[in-house]
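Structure first, then comments.
No hydrogens, no waters, no symmetry mates; every other heavy atom, side chains included, goes into these values. Here is how names work: the chains are called A, B, and so on, in the same order as the sequence lines, proteins then strands, and each is numbered from 1.
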Amino acid sequence: MFKKEVEKILKKYTKLKEIPLEIPSSSEFGEYAFPCFILSKKLKKDPKKIAEDLAAKIKKTNLFEKIESNGPYVNFFINKSKLNDFIIKNILKGGYGNKKEGKTILVESPGPNTNKPLHLGHLRNMALGLSISNIFRKMGNTVVNVDIVNDRGIHISKSMLAYQKFGRGRKPNKKSDHFVGDFYVMYNEKVKKNKSLEDEAKGLLIKWENKDKEVRALWKKMSDWALKGIYQTYKEFGFNIDKAYRESEYYEKGKKIILSGLKKGIFKEGEGGSIIVDLEKKGLGKKVLLRSDGTSVYITQDLYLAKKRYDDFKMDKLVYVVASEQIYHFNVLFEILKMLKYKFAENCYHLAYGMIYLPEGKMKSREGVIVDADNIIKDTIELAKKEIKKRFKLSKKEVEKRAKIIGLGALKFFLLKYDSFKDFVFNPKEAISFEGETGPYVQYVYARIKAILRKSKKSSKVDYGVLTHPREIDLVKLLGKYPDVIWQASEQYKPNLVAHYLLRLGKSFNLFYESCPVLKADKKVKDARLNLILAVSYVIKDGLGLLGVGVLERM
RNA sequence: GAGCCCGUAGCCUAGUCUGGAUAAGGCACCAGCCUUCUAAGCUGGGGAUCGUGGGUUCGAAUCCCUCCGGGCUCACCA
């Protein structure tokens with residue numbers, strides 16, 4: 001609103017079509033700044049002089065406090081009373097920052113394997129999938145969370161083989177995905193000394209493919225165990241999926257697509273009767289789509305699944321949350337989808353995320369050097385309990401409740417504050433902290449606000465013109481940026497923008513808190529401040545919600 | 001070998017797409033602030049050749065090129 005007004009004025013006075021308006025780094029330069037360098041070439045004048053002339057020429061309306069030149073810039077100072085009024089009222093109305101994009105978006109995440117429990121990488125995946133979905137919804141889209149369950153293949157056969165050989169028909173005596181995972185680890189131990197196990201595992205896979213009854217029964221039993229445990233972890237983490245697609249049901253499909261593509265001349269025959277796609281022009285080389293023996297490869301299934309999902313949901317956009325190791329794979333997939341002229345093909349996106357390293361190196365679940373998801377969740381919540389007990393005497397139930405929100409909040413926030421494509425090191429001892437740039441820091445701000453609001457009464461008529469303290473102004477201005485931040489996060493697939501915004505907002509509130517007492521202020525100021533912090537609490541709750549992080553009234 | 005990604009204080013990050021005013025935070029370290037709305041907080045301090053070298057520009061952490069360091073990928077694997 002204010003920005004448009006400034007642009008309108010500048011267009012009128014400069015005759016420029018586009019106004020490169022800036023938001024100054026410091027508030028001593030006002031709310032908006034116009035750099036005059038661009039005009040200096042045209043007018044062949046010193047930019048300082050241009051700024052001076054412009055500032056003198058522009059007629060000031062009551063929307064502005066002042067408009068003045070500062071070096072080569074023209075600085076616009078918005079009337080704070082109007083600024084406060086506009087932003088705070090807007091927030092208190094509800095639905096602040098909501099948009100109405102009206103698209104249907106599918107988000108695939110996290111793609112578990114049914115031979116072992118989830119690990120830290122899956123947590124990063126879920127955190128990203130969850131938050132980007134929330135952000136899309138906030139933009140007014142319908143989001144469907146889909147999953148791909150990797151429940152077939154040699155890795156599955158390995159845990160099956162170990163169970164067959166050493167499980168003695170036992171039933172899970174622990175969380176069932178961990179029970180299954182133990183056999184996967186056992187296989188990898190045993191195979192070091194007995195290489196023939198590799199062939200046995202392959203044999204099991206062939207039997208599975210031939211639908212051998214006994215093998216299928218074992219497979220179903222173990223898949224169910226694995227999934228049951230994995231879904232418990234989803235639930236614990238606050239993650240939900242709308243539809244799961246199982247690889248076992250689709251791995252053979254997709255041949256039709258390939259064959260019809262061959263007829264149309266989109267694909268070619270390769271050596272030995274295989275079918276390939278030539279993506280040399282795109283710099284992606286040649287890829288096999290059907291083997292010489294007519295069987296599918298991984299990408300064949302992905303092609304089918306993409307089409308299947310379109311048949312199921314008619315989505316406008318398809319987002320895959322998958323580790324960055326698969327960037328090449330998705331580049332190929334998306335190119336082929338475009339060649340096949342699917343409507344959604346232009347709107348596929350691979351939300352790639354980087355590796356997570358342990359202090360001792362790269363995670364390898366195969367070797368059992370694993371950061372187990374359940375353990376991480378449990379440890380973080382335990383840590384939160386300790387912190388709570390240090391501060392308050394509460395009932396066990398209350399401690400549990402708070403610890404879960406704070407612990408999970410810390411964990412999710414930690415996973416989301418990094419740019420998704422960056423690798424990072426996860427040091428369990430240091431990574432999950434509750435101080436500094438963390439989820440609890442932001443949650444704490446919310447609790448502080450609630451503590452003040454509990455001790456006060458609402459007032460109907462409020463004059464926001466009394467909010468003139470620099471820290472009040474900073475806070476209001478930051479609140480004003482929220483809609484733009486979440487829109488950027490949605491456009492760029494970057495939940496970390498929301499996380500960093502909330503940290504800034506939290507910091508800004510804490511600064512305000514230190515120097516602007518609310519309850520002890522004069523009535524008029526108090527009422528205005530109460531509404532200001534109420535607005536802050538709205539934005540914090542909403543923003544944390546986008547990250548899948550909850551808030552507490554007291555902590 | 002080729003393609004893609006990353007390189008910002010001792011450590012971790014933001015800013016890079018869309019170039020602008022003294023490069024913004026956190027951790028750690030040092031010194032302070034709880035009879036006053038929750039100290040999971042706040043204040044002050046030291047600490048940066050924005051990997052290197054060029055180029056474009058009135059102006060470069062940001063755009064282009066070179067090189068260096070690290071990672072991922074390039075299967076009739078998934």
5′-ward residue of the pair K417(A)/F512(A) relative to RNA chain B
K417(A)
Taking only the side-chain heavy atoms of E514(A) (C-beta and beyond), determine which of G41(B), A21(B), U22(B) contains the nearest atom.
G41(B)
NA contact type, Y328(A), heavy-atom cut-off 4.0 Å: base, sugar-phosphate, or nothing?
sugar-phosphate
Checking all strands, does R504(A) fall into the base, sugar-phosphate, or nothing category for heavy-atom contacts under 4.0 angstrom?
nothing
Considering only C37(B), C72(B), A40(B), which nucleotide approaches the side chain of P517(A) most closely?
C37(B)
Atom-to-atom span, CD1 of I23(A) to P of U18(B) - whole angstrom
17 Å
Short question: side chain of R124(A), backbone of G354(A) - any donor-acceptor pair under 3.5 Å?
yes
Please report the distance separating the C1' of U13(B) from the corresponding atom of U66(B), rounded so that it comes out in whole Å.
28 Å
Would you classify L279(A) as touching base, sugar-phosphate or nothing, given that sugar-phosphate means primed atoms plus P, OP1 and OP2, and contacts are heavy atoms under 4.0 Å?
nothing
Short side-chain N/O contact from K422(A) to OP1 or OP2 of A14(B), under 4.0 Å
yes
What nucleotide, of A40(B), G15(B), C76(B), holds the atom closest to the side chain of L497(A)?
G15(B)
Taking only the P atom of each, what is the distance from C67(B) to G1(B) in whole angstrom?
12 Å
Please check this pair: side chain of S131(A) against backbone of A127(A), looking for a donor-acceptor N/O pair closer than 3.5 Å.
yes
Using a strict cut-off of less than 4.0 Å between a Lys/Arg side-chain nitrogen and an Asp/Glu carboxylate oxygen, indicate whether K3(A) and E31(A) qualify as a salt bridge.
no
Give one of base, sugar-phosphate or nothing for F421(A), where a contact means two heavy atoms less than 4.0 Å apart.
sugar-phosphate
S292(A) (side chain) and C76(B) (base): donor-acceptor pair under 3.5 Å:
yes
Is K458(A) paired with D527(A) through a side-chain N to carboxylate O contact shorter than 4.0 Å?
no
Which part of the nucleic acid, if any, lies within contact of Y418(A), taking any heavy atom under 4.0 Å across all strands shown: a base, the sugar-phosphate backbone alone, or nothing?
sugar-phosphate
OP1 or OP2 of G41(B) versus the side-chain N and O atoms of N510(A): is any pair under 4.0 Å?
no
Base, sugar-phosphate or nothing for I154(A)? Non-hydrogen atoms, less than 4.0 Å.
nothing
Note: for S515(A) and S26(A) on RNA chain B, the residue whose nearest nucleotide lies more 5' is S26(A)
Any base atoms under 4.0 Å from Q301(A), or only sugar-phosphate, or nothing? Heavy atoms, all strands.
nothing
Sugar-phosphate only, base, or nothing, as touched by C36(A) at under 4.0 Å among non-hydrogen atoms:
nothing
Respond yes when some side-chain nitrogen or oxygen of K507(A) is under 4.0 Å from OP1 or OP2 of G26(B), and no when none is.
yes
Describe the nucleic acid contact of S274(A) in one word from base, sugar-phosphate, nothing, applying a heavy-atom distance below 4.0 Å.
base
Without decimals, in angstroms, what is the distance between I327(A) CD1 and C72(B) P?
12 Å
Step by step, would you call Y320(A) with F330(A) a ring pair (Phe, Tyr, Trp, His ring centres under 6.0 Å)?
CA-CA 9 Å; Y320(A) 294 85; F330(A) 283 104; 4.7 Å; yes
Please measure how far the P atom in C65(B) lies from the corresponding atom in C4(B), and state the result in whole Å.
10 Å
With heavy atoms under 4.0 Å as the rule, sort Q492(A) into base, sugar-phosphate or nothing.
base
For C11(B), glycosidic torsion class - syn if within 90° of 0, otherwise anti:
anti
Tell me the partner of G1(B), counting only Watson-Crick (N1-N3 plus N6-O4 or O6-N4) or G-U wobble (N1-O2 and O6-N3) with both under 3.5 Å; none if nothing fits.
C74(B)
Euclidean distance for P, G3(B) against G41(B) (whole angstrom):
47 Å
Output the single nucleotide from G41(B), C5(B), C37(B) whose closest atom is nearest the side chain of I452(A).
C37(B)
Just how far, in rounded Å, is C1' of C76(B) from CD1 of I258(A)?
13 Å
G41(B), U13(B), U38(B): which one has an atom nearest the side-chain heavy atoms of Y441(A)?
G41(B)
Spacing between F509(A) atom CZ and A40(B) atom C1', to the nearest angstrom:
14 Å
Could you tell me whether the side chain of Y513(A) reaches within less than 4.5 Å of the side chain of I452(A), counting heavy atoms only?
yes
note: F413(A), atom CZ; A14(B), atom C1'; distance rounded to Å ~ 12 Å
Picking from G26(B), G71(B), C37(B), the nucleotide nearest the side-chain atoms of E437(A) would be G26(B)
Separation of G15(B) atom C1' from H500(A) atom NE2, nearest Å, is 10 Å
Answer for the Watson-Crick or wobble partner of C29(B), both distances under 3.5 Å, is G45(B)
Looking only at side-chain N and O atoms, does Y298(A) come under 4.0 Å of OP1 or OP2 in A78(B)?
no
Y357(A) side chain, from C-beta outward: closest of G71(B), U38(B), C77(B)
G71(B)
Inter-nucleotide C1' distance (C33(B), U8(B)), Å rounded:
32 Å
F37(A) aromatic ring stacked with six-membered ring of G59(B), 5.5 Å and 30°:
no
Once you apply a heavy-atom cut-off of 4.0 Å, does Q488(A) come out as touching a base, just sugar-phosphate, or nothing?
base
At 4.0 Å (heavy atoms only), tell me whether V518(A) reaches a base, stays on the sugar-phosphate, or touches nothing.
base
Euclidean distance, atom CG of residue L478(A) to atom C1' of A14(B) [Å, nearest integer]
14 Å
Do the side-chain N and O atoms of N113(A) and Y184(A) include a donor-acceptor pair separated by under 3.5 angstrom?
no
Looking at the side chain of F392(A), which of U73(B), U38(B), C76(B) is the nearest nucleotide?
U38(B)
Can you tell me how far C1' in C77(B) sits from the matching atom in A60(B), rounded to whole Å?
45 Å
Look at all strands and tell whether L284(A) reaches a base, only sugar-phosphate, or nothing, counting heavy atoms closer than 4.0 Å.
nothing
Just to be sure I understand the rule, does E22(A) reach a base, reach only the sugar-phosphate, or reach nothing, if contact means heavy atoms closer than 4.0 Å?
base
Report the nucleotide, chosen from A75(B), U22(B), A14(B), that has the shortest atom-to-atom distance to any side-chain atom of D419(A).
A14(B)
Aromatic plane relationship, F426(A) with F414(A) - under 30° parallel, 30 to 60° tilted, over 60° perpendicular
perpendicular
Would you mind telling me which of A78(B), A21(B), G41(B) lies closest to the side-chain atoms of R448(A)?
G41(B)
Can you tell me, in whole Å, how much space there is between the C1' of U62(B) and that of C6(B)?
16 Å
Please tell me if K455(A) has a side-chain N or O lying less than 4.0 Å from either OP1 or OP2 of U38(B).
yes
Given salt bridge (charged side-chain N to carboxylate O under 4.0 Å, His left out), test E198(A) with K158(A) step by step and report yes or no.
CA-CA 8 Å; E198(A) 282 179 17; K158(A) 288 174 180 175; over 6 Å; no
Rounded C1' spacing from A48(B) to A2(B) in Å
35 Å
E108(A)/R309(A) salt bridge by N-O under 4.0 Å criterion
yes
